[in-house]
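Protein chains get the first letters and strands the later ones, always in sequence-line order, with residue 1 at the start of each.
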Amino acid sequence: MDALGDGRYSIRVVEQLTGLTARQIRYYETKGLLAPQRTAGRQRLFSAADVERLQWIRTWRGEGVTLAAIKTRLQAAKPAHAAAGRTPARETDAWARLSRPALTSLYPVSDRGRLMEVMEERHRSRKDGDR
DNA sequence: GTTCTAACA
DNA sequence: TGTTAGGA
């Protein structure tokens with residue numbers, strides 16, 4: 001039960017992808033850090049964007065950033081222009097700083113295989129020293 | 001069988 | 001946070 005095939009992931013897959021526990025993921029949602037869509041049965045369906053947000057949450061949390069501060073960063077990073085369906089006029093906003101460059105910095109790899117390895121490493125460190 | 005919410009360890 | 005109860 002993993003890939004839903006259409007860019008949406010079950011919470012279990014998101015656990016593997018982010019190295020977070022389902023408990024944490026649900027908790028972050030209650031804190032308003034993300035709002036994955038739901039199935040009719042109320043099960044969460046995470047988009048790639050949701051996964052990306054969670055990866056940032058995990059990274060920042062590891063740096064000691066509080067959830068409140070992370071929420072602010074994510075809100076700043078949230079591209080209002082995306083919802084508006086147009087390109088942002090200013091490339092100097094938070095979104096521009098936090099998107100491509102930051103992700104590239106976190107995962108300086110271009111092949112999916114290596115990316116999965118990196119995430120797996122993070123997943124393994126979840127239970128111990130990484131906190 | 002998987003995920004959900006709520007609540008307690 | 002982890003874990004479990006009790007449902008959907």
Side-chain angles (χ1 to χ4, degrees):
Chain A
M1 276 73 189
D2 45 287
L4 282 63
D6 63 337
R8 287 183 282 188
Y9 313 85
S10 69
I11 195 165
R12 198 159 268 173
V13 172
V14 176
E15 282 189 288
Q16 321 303 160
L17 292 176
T18 64
L20 294 165
T21 64
R23 178 75 166 81
Q24 291 174 305
I25 295 167
R26 295 186 187 112
Y27 180 64
Y28 299 153
E29 180 180 352
T30 69
K31 290 301 178 181
L33 275 62
L34 73 158
Q37 81 181 150
R38 301 286 191 121
T39 65
R42 291 199 38 78
Q43 295 193 187
R44 277 164 268 248
L45 284 180
F46 298 86
S47 67
D50 290 322
V51 173
E52 211 167 285
R53 291 170 75 85
L54 287 167
Q55 288 170 332
W56 267 314
I57 292 170
R58 188 185 192 282
T59 297
W60 288 332
R61 263 212 43 198
E63 298 172 348
V65 181
T66 66
L67 288 186
I70 290 175
K71 182 178 182 180
T72 299
R73 292 191 187 187
L74 289 175
Q75 291 177 327
K78 188 172 187 175
H81 51 269
R86 59 182 178 73
T87 302
R90 308 180 299 281
E91 278 302 318
T92 56
D93 63 12
W95 175 245
R97 295 199 309 279
L98 296 173
S99 55
R100 300 301 189 192
L103 187 60
T104 299
S105 174
L106 288 174
Y107 305 107
V109 294
S110 56
D111 59 292
R112 181 176 175 73
R114 176 55 188 150
L115 177 57
M116 291 306 285
E117 287 179 24
V118 171
M119 293 194 285
E120 188 52 38
E121 289 168 12
R122 292 183 156 227
H123 183 241
R124 290 187 51 221
S125 66
R126 166 174 103 199
K127 282 289 184 179
D128 34 75
D130 180 52
R131 265 171 309 184

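- The two residues A:Val65 and A:Ile70 come nearest to each other via the heavy atoms CG1-CG1, 3.4 Å.
- Between A:Ile11 atom CD1 and C:dA8 atom P the separation is 20 Å, expressed in whole Å.
- Per the geometry, CD belonging to A:Gln37 stands 16 Å off C1' belonging to B:dT3, to the nearest Å.
- Between the base of C:dT3 and the side chain of A:Arg23 there is a donor-acceptor pair shorter than 3.5 Å.
- Nearest heavy-atom pair across A:Pro36 and A:Asp50 is CA-OD2, 3.7 Å.
- Straight-line distance from the CD atom of A:Gln24 to the P atom of B:dT3: 16 Å, rounded to whole Å.
- Taking atom CZ of A:Phe46 as the reference point, atom P of B:dT3 lies 10 Å away to the nearest angstrom.
- Distance CD1/A:Ile25 to CD/A:Glu29: 10.0 Å, rounded to 0.5 Å.
- Looking at the side chain of A:Arg12, the nearest of the listed nucleotides C:dG2, B:dT2, B:dT5 is B:dT2.
- Heavy-atom nearest nucleotides on DNA chain C were determined for A:Gln43 and for A:Leu67, and the one closer to the 5' end corresponds to A:Leu67.
- In this structure, A:Arg42 does not reach the C:dA8 phosphate: none of its side-chain N or O atoms is under 4.0 Å from OP1 or OP2.
- Protein atom CG of A:Leu45 is 11 Å distant from nucleotide atom P of B:dT3, rounded to whole Å.
- For the pair A:Thr21 and C:dG2, the criterion of a side-chain N or O lying under 4.0 Å from OP1 or OP2 is met.
- Between A:Ser10 and the phosphate of B:dT2, there is no side-chain N or O to OP1/OP2 separation shorter than 4.0 Å.
- Distance, A:Tyr27 OH to B:dT3 P: 22 Å, rounded to whole Å.
- The partner of B:dT2, taking Watson-Crick or G-U wobble pairs whose two distances both stay under 3.5 Å, is C:dA8.
- Rounding to the nearest 0.5 angstrom, the gap separating the OG1 atom in A:Thr30 from the CZ atom in A:Arg26 is 11.5 Å.
- In this structure, A:Arg26 reaches the bases: a heavy-atom distance under 4.0 Å links it to at least one base atom across the strands shown.
- Relative to the ring axis of A:Trp60, A:Arg73 places its NZ or CZ within 45° and under 6.0 Å from the centre.
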